[in-house]
2 protein chains.
Amino acid sequence: MRDRASQLELARSKSGECACGNLRKAARAVTQVYDEVLRPTGLRVTQFGILGTTMAMEPVTVTRLADSTVTDRTTLTRNLKLLEKRGLIRVQMGNDRREREVTLTAQGREALASGLPLWQKAQTRVVQGLGEERWNALREGLSAVVSLARAT
Amino acid sequence: MRDRASQLELARSKSGECACGNLRKAARAVTQVYDEVLRPTGLRVTQFGILGTTMAMEPVTVTRLADSTVTDRTTLTRNLKLLEKRGLIRVQMGNDRREREVTLTAQGREALASGLPLWQKAQTRVVQGLGEERWNALREGLSAVVSLARAT
DNA sequence: GAACAATAGGTGTATATACTCTCACTCATG
DNA sequence: CATGAGTGAGAGTATATACACCTATTGTTC
């Protein structure tokens, strides 16, 4: 059963089981819901999320923010640049001059506060659609997956 | 309690709860595991997944493949182009000349078969790390999320 | 205190993703 | 069969993502 043909049969039968594929698929699907709802704000869910996390951690360095969101540091650098260009965040040198400290601007806080009801709308749609119980289970599963992947 | 300050307090407290943010975070984390393991094949998990899905559905049109993977059609077009350039798939005109039919090449089947053990390694790491039971619950939750998002 | 390791960050390049717009083709309808 | 609606696909543009490599600063060790 180790010949090429049976390997291919195996691949065919397993093509829908990939943990990564299923996670990415769900992320794409849900991203479209949130992006659609957030559209009036001119922000995507990724950007809105960075604003929220920054709010919760500020002042915060690029690396700490990247760790917290499980994003590559260089990815975050580029995402931050877009928000900075729009005047929603400030990125300035820290005491340790290797570090950059990220903070929200007044405009950024405004954008976050005014987008919150829209975010809540999308969130409610998903959470109620799943049901609280299922949502809690999913949330826990996602959290476990992240820990597991990071530990590797 | 509807003033700006309390809105911001709310945003701060909810910044970790976002369904979309959590899904995307988990997808990033797991993608790194799979991409790392698949590295010897020169394929990323996205590409490997497209090969697998194509295998299961071939011959398949671009739109049907896009629907099945919950990917925007234009995204898939670009992903397919990379695989075509490497000679792993063939994209040719269908009987309905608007359609493009995607099939695996011999080289594509070879890549899929030879990458399968590596994929299995990553998959096992995640599934066993979570435990079968939790993994099944997660899988079901992801599936529900996709249905829900698509229905919108 | 000079040399080197360690840490924080950015650039170049490549893939992944989706929206808008456009083109090509098919089909239904008169 | 002409014409317009509907369908399948690609191009232009912009964001999201990460790896390899690089620079600047800090800390450590002799």
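Protein chains get the first letters and strands the later ones, always in sequence-line order, with residue 1 at the start of each. No experiment lies behind these values; they were computed from the predicted model shown.
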Is the shortest side-chain N/O distance from [X] to OP1 or OP2 of [N] below 4.0 Å?
| X | N | result |
| --- | --- | --- |
| A:Thr63 | C:dG9 | yes |
| B:Thr74 | C:dA18 | no |
| A:Lys81 | C:dG10 | no |
| B:Arg24 | C:dA16 | no |
| B:Asn79 | C:dT17 | yes |
| A:Thr75 | D:dA18 | yes |
| B:Gln32 | D:dT17 | no |

Any donor-acceptor pair, under 3.5 Å, between the side chain of [X] and the base of [N], if you only look at N and O atoms?
| X | N | answer |
| --- | --- | --- |
| A:Arg98 | D:dA24 | no |
| B:Thr46 | C:dA16 | no |
| A:Arg100 | C:dG9 | no |

Which of these nucleotides, [options], is closest to any side-chain atom of [X]?
| X | options | value |
| --- | --- | --- |
| A:Arg28 | C:dT20, C:dT7, C:dA18 | C:dA18 |
| B:Arg86 | C:dA16, C:dT11, C:dT15 | C:dT15 |
| A:Thr71 | D:dA18, C:dA16, D:dA20 | D:dA18 |
| B:Thr77 | D:dG10, C:dT17, D:dT15 | D:dG10 |
| A:Arg73 | C:dG10, C:dT15, D:dA18 | C:dG10 |

Rounded interatomic separation in angstrom, taking [atom1] from [X] and [atom2] from [N]:
| X | N | atom1 | atom2 | answer |
| --- | --- | --- | --- | --- |
| B:Asn95 | C:dC27 | CG | P | 11 Å |
| A:Glu84 | D:dT15 | CD | P | 14 Å |
| A:Asp72 | C:dG10 | CG | C1' | 12 Å |
| A:Leu82 | C:dG10 | CG | P | 13 Å |
| B:Met93 | C:dC25 | CE | P | 7 Å |
| B:Gln47 | D:dA18 | CD | P | 16 Å |
| B:Asp96 | D:dG6 | CG | C1' | 12 Å |
| B:Arg64 | D:dT7 | CZ | P | 16 Å |

*Map B:Leu80 and B:Arg44 onto DNA chain D by nearest heavy atom, then report which one ends up closer to the 5' terminus.*
B:Leu80
_Option passing side-chain contact (heavy atoms from CB on, under 4.5 Å) with A:Leu83 (candidates A:Val91, A:Leu51, A:Thr54, A:Val102)_ =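 The option that passes is A:Leu51.
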*Closest heavy-atom pair and its distance - A:Ala19, B:Tyr34*: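 Minimum heavy-atom contact is CB-OH, 3.3 Å.
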*How do B:Arg97 and A:Arg78 order along DNA chain C: which one's closest nucleotide is nearer the 5' end?*
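In this pair, the answer is A:Arg78.
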*asked:* Quick check against the 3.5 Å criterion: does B:Glu58 have a side-chain atom that pairs as donor or acceptor with the backbone of B:Leu104?
replied: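 Yes, because the side chain of B:Glu58 sits within donor-acceptor range (under 3.5 Å) of the backbone of B:Leu104.
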*Exam field: side chain A:Thr71 to backbone A:Thr69, donor-acceptor pair closer than 3.5 Å*: yes
*For A:Arg100 and A:Thr61, test the side chains for any donor-to-acceptor distance below 3.5 angstrom and give the result as yes or no.*
no
*How about A:Thr124 and A:Gln120: does a side-chain donor come under 3.5 Å of a side-chain acceptor?*
yes
*Which part of the nucleic acid, if any, lies within reach of B:Thr61 when heavy atoms closer than 4.0 Å are counted: base, sugar-phosphate only, or nothing?*
sugar-phosphate
